[in-house]
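One structure is given below, encoded as structure tokens.
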Amino acid sequence: MAKRHYIPVTADIPGAANERNCALIRKVIRTALAAEGVSVPCEVDVLLTNDENIHQINKDMRDVDRPTDVLSFPEFDLYPGELPTEEDADPGTGLIPLGDMVISMEHVAAQAKEYGHSNRRELAYLVTHSVLHLLGYDHLDEGPQKQQMRAREEAILAELGITREG
């Protein structure tokens, strides 16, 4: 898979943006974009943080006063299946800025333990989940939208060879 996307991964907590996590995050984002048919070069910015910091971001940006596992801030108001086009690219970089994701590494560890799988699998799931949000998927209802998003998440993780055990 060509490295056509710019995916900066930063962390505001020590050790989170290690080589292993960054490689996994970039691979998952590239795979998810390809699986969704995104064929234009994109930028996705990733911040790895803790519960305290994601809580503050959630409160400041969404007026939700609690920590969460992942936050997604899409650049565009897309709907599932609608893809960004070259016209959406930043003229200076030639990249389409899809948006930002923020992941709580504390939640990654806690949820991996709760669900009985590895931190690697949980991180891959949350990155996949966030990419789909950046591309217009949502799960606010308990109906078809949530089912569609869950099906896409599982298909992308399967393509990566990441199982519930892995």
Side-chain angles (χ1 to χ4, degrees), residues 1-11 16-17 21-49 54 57-58 60-64 67-105 107-108 111 115 117 120-164 166:
M1 184 177 321
K3 295 183 179 182
R4 306 171 20 164
H5 305 299
Y6 179 58
I7 306 168
V9 180
T10 58
N21 285 345
C22 291
L24 176 64
I25 289 165
R26 289 183 179 112
K27 181 177 182 179
V28 170
I29 290 172
R30 288 184 181 110
T31 301
L33 291 175
E36 290 302 303
V38 177
S39 61
V40 291
C42 297
E43 177 178 352
V44 177
D45 293 273
V46 181
L47 173 64
L48 304 178
T49 192
I54 206 168
I57 295 167
N58 207 16
D60 293 347
M61 302 299 289
R62 299 179 61 235
D63 203 28
V64 177
T68 189
D69 52 4
V70 63
L71 292 170
S72 306
F73 299 103
E75 184 72 24
F76 304 103
D77 190 19
L78 302 172
Y79 58 88
E82 180 183 14
L83 300 176
T85 65
E86 291 178 6
E87 289 79 40
D88 296 316
D90 178 299
T93 66
L95 299 168
I96 296 169
L98 283 183
D100 304 330
M101 67 176 70
V102 182
I103 298 171
S104 168
M105 296 306 286
H107 260 74
V108 167
Q111 289 176 176
Y115 298 130
H117 54 246
R120 179 180 180 273
R121 195 268 181 207
E122 186 63 22
L123 180 58
Y125 170 78
L126 292 176
V127 170
T128 301
H129 183 86
S130 187
V131 169
L132 291 176
H133 274 309
L134 297 180
L135 294 175
Y137 286 82
D138 211 341
H139 55 83
L140 294 178
D141 68 4
E142 288 297 321
Q145 285 184 25
K146 184 173 183 176
Q147 291 171 356
Q148 180 186 30
M149 188 170 183
R150 294 293 180 251
R152 293 306 305 141
E153 290 165 350
E154 291 304 321
I156 292 164
L157 290 172
E159 187 172 328
L160 287 159
I162 297 174
T163 64
R164 292 206 180 267

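Just so we're clear, the structure is a prediction, and the values are computed from it rather than from any experiment. Numbering starts at 1 and runs along the sequence shown. Side-chain atoms are counted along with the backbone in the values below, which use heavy atoms only and exclude waters and symmetry mates.
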By salt bridge (Lys or Arg N to Asp or Glu O under 4.0 Å), which residues pair with Arg26, not counting sequence neighbours?
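For Arg26, no residue satisfies salt bridge (Lys or Arg N to Asp or Glu O under 4.0 Å) once neighbours in sequence are set aside.
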
Set of salt bridge (Lys or Arg N to Asp or Glu O under 4.0 Å) partners for Glu36, sequence neighbours left out
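By the salt bridge (Lys or Arg N to Asp or Glu O under 4.0 Å) rule, Glu36 matches Arg152.
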
Between [X] and [Y], which heavy-atom pair has the shortest distance, and what is it?
{"X": "Met101", "Y": "Ser130", "answer": "CB-OG, 3.0 Å"}
{"X": "Leu48", "Y": "Ala16", "answer": "CD1-O, 3.3 Å"}
{"X": "Cys22", "Y": "Ala17", "answer": "SG-O, 3.4 Å"}

What do the steps show when you test Val46 against Val127 for side chain to side chain contact (heavy atoms under 4.5 Å, CB included), and what is the final call?
CA-CA 9 Å; Val46 181; Val127 170; 5.8 Å; no

What is the distance from atom [atom1] of [X] to atom [atom2] of [Y], rounded to the nearest 0.5 Å?
{"X": "Leu33", "Y": "Ile7", "atom1": "CG", "atom2": "CD1", "value": "7.0 Å"}
{"X": "Leu24", "Y": "Arg121", "atom1": "CG", "atom2": "CZ", "value": "11.5 Å"}
{"X": "Asp100", "Y": "Asp45", "atom1": "CG", "atom2": "CG", "value": "5.0 Å"}
{"X": "Leu126", "Y": "Met105", "atom1": "CG", "atom2": "CE", "value": "9.0 Å"}
{"X": "Thr128", "Y": "Ile156", "atom1": "OG1", "atom2": "CD1", "value": "5.5 Å"}
{"X": "Leu95", "Y": "Asp88", "atom1": "CG", "atom2": "CG", "value": "12.5 Å"}

Only counting residues at least two apart or in another chain, list the ones meeting side chain to side chain contact (heavy atoms under 4.5 Å, CB included) with Pro67.
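With neighbours one apart ignored, the set is Asp51, Ile54, His55, His107.
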
Among residues at least two apart in sequence or on other chains, which ones pass side chain to side chain contact (heavy atoms under 4.5 Å, CB included) with Asn58?
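Residues passing side chain to side chain contact (heavy atoms under 4.5 Å, CB included) with Asn58: Arg62, Val64, Arg66, Thr68, Leu71.
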
Just wondering, do Val131 and Val28 contact through their side chains at under 4.5 Å, heavy atoms?
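Result no, sub-4.5 Å side-chain heavy-atom pair not found.
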
If you define the side chain from C-beta out and look only at heavy atoms, does anything of Asp69 sit under 4.5 Å from Ser104?
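Sidechains of Ser104 and Asp69: no contact.
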
Pick out which of Val40, Asp90, Val38 makes a side-chain contact (heavy atoms from CB on, under 4.5 Å) with Ile96.
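That would be Val40.
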
Can you tell me which residue among Arg120, Glu153, Glu154 is in a side-chain hydrogen bond (donor to acceptor under 3.5 Å, both in side chains) with Tyr125?
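Per the side-chain hydrogen bond (donor to acceptor under 3.5 Å, both in side chains) rule, the option paired with Tyr125 is Glu153, out of Arg120, Glu153, Glu154.
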
Report the residues that fulfil side-chain hydrogen bond (donor to acceptor under 3.5 Å, both in side chains) with Asp60, sequence neighbours left out, ordered by chain and then residue number.
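side-chain hydrogen bond (donor to acceptor under 3.5 Å, both in side chains) check on Asp60 returns Gln56.
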
Which residues satisfy the side-chain hydrogen bond (donor to acceptor under 3.5 Å, both in side chains) test with Asn21, sequence neighbours excluded?
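side-chain hydrogen bond (donor to acceptor under 3.5 Å, both in side chains) list for Asn21, sorted by chain: empty.
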
Check: residues 74-86 side-chain donor-acceptor pairs under 3.5 Å, at least two apart:
unit_1: Glu82; atom_1: OE1; unit_2: Tyr79; atom_2: N; d: 3.1
unit_1: Thr85; atom_1: OG1; unit_2: Glu87; atom_2: N; d: 3.4
unit_1: Thr85; atom_1: OG1; unit_2: Glu87; atom_2: OE1; d: 2.8

Give the ring-plane orientation class for His133 versus His129, where under 30° counts as parallel, over 60° as perpendicular and anything between as tilted.
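Plane angle over 60°, so perpendicular.
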
Does the side chain to side chain contact (heavy atoms under 4.5 Å, CB included) test come out yes or no for Leu98 and His5, once each step is laid out?
CA-CA 10 Å; Leu98 283 183; His5 305 299; over 6 Å; no

Summary of salt bridge (Lys or Arg N to Asp or Glu O under 4.0 Å) pairs that have at least one residue in residues 126-138, sequence neighbours excluded
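Every candidate salt bridge (Lys or Arg N to Asp or Glu O under 4.0 Å) pair involving residues 126-138 fails, so no pair, neighbours aside, qualifies.
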
